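Notes follow the structure.
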Amino acid sequence: MDSSISVLLFGITRDLTGQSAVSVSLHKNASVADLLAQLHQQFPALMNIRSLLIAVNGEYAETNQVLSPTDEIALIPPVSGG
Amino acid sequence: MDSSISVLLFGITRDLTGQSAVSVSLHKNASVADLLAQLHQQFPALMNIRSLLIAVNGEYAETNQVLSPTDEIALIPPVSGG
Amino acid sequence: MVTLIAEPIDVTSALNYLQSEQAGAIDLFLGVVRDNTQERPVDRLEYEAYDRMAVSEMQKIADQARQQWPILRYAIIHRKGTLQIGEMAVLIGVATAHRADAFDACRYIIDTIKKTVPIWKKEVFTNGEEWVNAHP
Amino acid sequence: MVTLIAEPIDVTSALNYLQSEQAGAIDLFLGVVRDNTQERPVDRLEYEAYDRMAVSEMQKIADQARQQWPILRYAIIHRKGTLQIGEMAVLIGVATAHRADAFDACRYIIDTIKKTVPIWKKEVFTNGEEWVNAHP
């Protein structure tokens, strides 16, 4: 059973998609890797970005971490603060 | 023919001698090394200082530099600025 | 002290905060908006942050620094929003008893911030704009 | 800019002086009077300088630093006279395009000042006084 998960977007990914959050459809027990694959399929322009990480509830997540629909999920393009 | 040369004192050397300048009698063409020897003889308490350098006209001098009575000469104990 | 603010950075307040009777050395690093990047004239910078995570990642870096050096006080202040040339984007301040620790910790903090904190900078040129560091 | 002054150091003025449109990084080091040295309580510090030579030696160090790093602006300000705990004895500020140069040059300048500039510091304790670094 698929569930819809919301992903916060920042910086170049927000500009590329024109949205500050996108909804992604994922199967139950989907991992961070599954989410990234789905995002790349939905938004091919993301391929041009040097690296993409996922944060879950404000922490960088490993690719094998399983997502829950109640998590706060964010897509993190290469940072450039400072 | 001896000439008298004035030496500026700072920090611990000023405290040890109680003077901000001392007069030292030196033979003609005396060097920095001669001056240091004379100062040590005149003020044995200088032996307790970790190191002593001589500045001539505002520049650190080598021990073989020859002194002139018109030079501005200063005794430089270990610095501790900053 | 870790903050992410929209207003200009107040260096004097930060410095007052950093001072303590045990502090013998304070190193203050300021990151400022330059007027050019690889010779291309920059008009302004726009900083965007994932606020909650930016603050928690900066706090992690501060905590790591405190484990490595005997830090008496620290200040990490990052701007967000639009910055003009000459404005300060970031202030890192570290107060320690001895100077080597202040330099080392300050440098560690700014170097690590640039690697891990979710803040993004867009350079707005007179002829276009670009998210810094985003492309290969 | 190199100065030896009897009045308190004005950090804000120094910072204004250091800023330029090309500067991306400013490192500011402040040496502050601590309340203890090897656990012995310090009441105040007295700084004495051989003024003309102190200024020329500080200028030499600045010139050496400018040969080694691409420095846009620098400020070297040293206090003399009596300083209370918490007061700034020295400010070193270096502005560069990139941060590594600012850190390296600033550290070089303060490290070298401590070795070569004819300024002497007397620590006045509650129970005595001592010229720092004078004895073996």
Side-chain angles (χ1 to χ4, degrees), chain A residues 5-24 31-33 35-37 39-82, chain C residues 2-5 9 29-34 37 42 45-61 76-81 83 88-92 106-124 128-136:
Chain A
I5 212 160
S6 178
V7 180
L8 301 172
L9 301 180
F10 299 95
I12 191 166
T13 61
R14 191 175 42 67
D15 273 9
L16 281 176
T17 61
Q19 296 170 271
S20 62
V22 292
S23 194
V24 178
S31 69
V32 163
L35 170 60
L36 282 167
L39 280 167
H40 276 112
Q41 199 178 325
Q42 216 164 318
F43 305 99
L46 295 179
M47 292 293 186
N48 298 321
I49 300 176
R50 198 163 55 79
S51 81
L52 286 172
L53 297 172
I54 294 291
V56 178
N57 299 321
E59 302 278 342
Y60 286 108
E62 301 290 333
T63 50
N64 61 358
Q65 186 172 331
V66 172
L67 302 170
S68 144
T70 57
D71 288 333
E72 178 178 301
I73 294 172
L75 183 62
I76 311 286
V79 301
S80 52
Chain C
V2 169
T3 52
L4 178 69
I5 56 172
I9 293 174
F29 172 81
L30 306 172
V32 184
V33 177
R34 283 188 298 137
T37 299
V42 170
L45 264 70
E46 289 175 9
Y47 281 86
E48 179 177 335
Y50 179 15
D51 290 38
R52 72 172 265 200
M53 186 174 168
V55 170
S56 67
E57 288 293 321
M58 289 193 285
Q59 188 60 59
K60 272 186 203 168
I61 295 167
I76 302 178
I77 309 176
H78 206 297
R79 277 291 292 280
K80 59 177 185 172
L83 273 77
M88 268 172 263
V90 62
L91 176 152
I92 312 296
C106 190
R107 196 164 184 164
Y108 170 81
I109 292 170
I110 183 64
D111 286 353
T112 314
I113 281 177
K114 287 184 171 265
K115 286 179 200 148
T116 66
V117 176
I119 296 177
W120 300 272
K121 174 163 65 184
K122 184 163 67 175
E123 290 175 332
V124 182
E129 56 179 48
E130 192 169 301
W131 288 100
V132 174
N133 210 22
H135 294 289

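All chains are named by letter (A, B, ...) in the order of the sequence lines, taking the proteins before the strands, and each is independently numbered beginning at 1. Everything numeric here is computed off the predicted structure, so don't read it as measured data.
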| request: Sort V132(C) into side chain, backbone, both or neither according to what part of it lies under 4.5 angstrom from a heavy atom of chain A. | output: both
| message | Please verify the inter-ring angle class for H78(C) with Y47(C); under 30° counts as parallel, over 60° as perpendicular, anything in between as tilted. | response | perpendicular
| said: Between A49(C) and chain A, with a heavy-atom cut-off of 4.5 Å, which part of the residue counts as in contact: side chain, backbone, both or neither? | reply: backbone
| E48(C) with K121(C): basic N within carboxylate O range, under 4.0 Å | no
| Pairs of heavy atoms under 4.5 Å with chain C: top-ranked of L8(A), L52(A), T13(A), D15(A) | D15(A)
| query | Do E46(C) and K80(C) meet the salt-bridge criterion of a basic N to acidic O distance under 4.0 Å? | reply | no
| request: Side-chain contact test, heavy atoms from C-beta onward, threshold under 4.5 Å: evaluate it for V124(C) versus V42(C) and give yes or no. | output: no
| said: Less than 3.5 Å apart, any donor N or O on the side chain of E57(C) or Y50(C) sitting next to an acceptor on the other? | reply: no
| message | Can you tell me which portion of A134(C) sits under 4.5 Å from chain A's heavy atoms? Options are side chain, backbone, both or neither. | response | both
| Measuring heavy-atom distances to chain A, does W120(C) have an atom under 4.5 Å in its side chain, in its backbone, in both, or in neither? | both
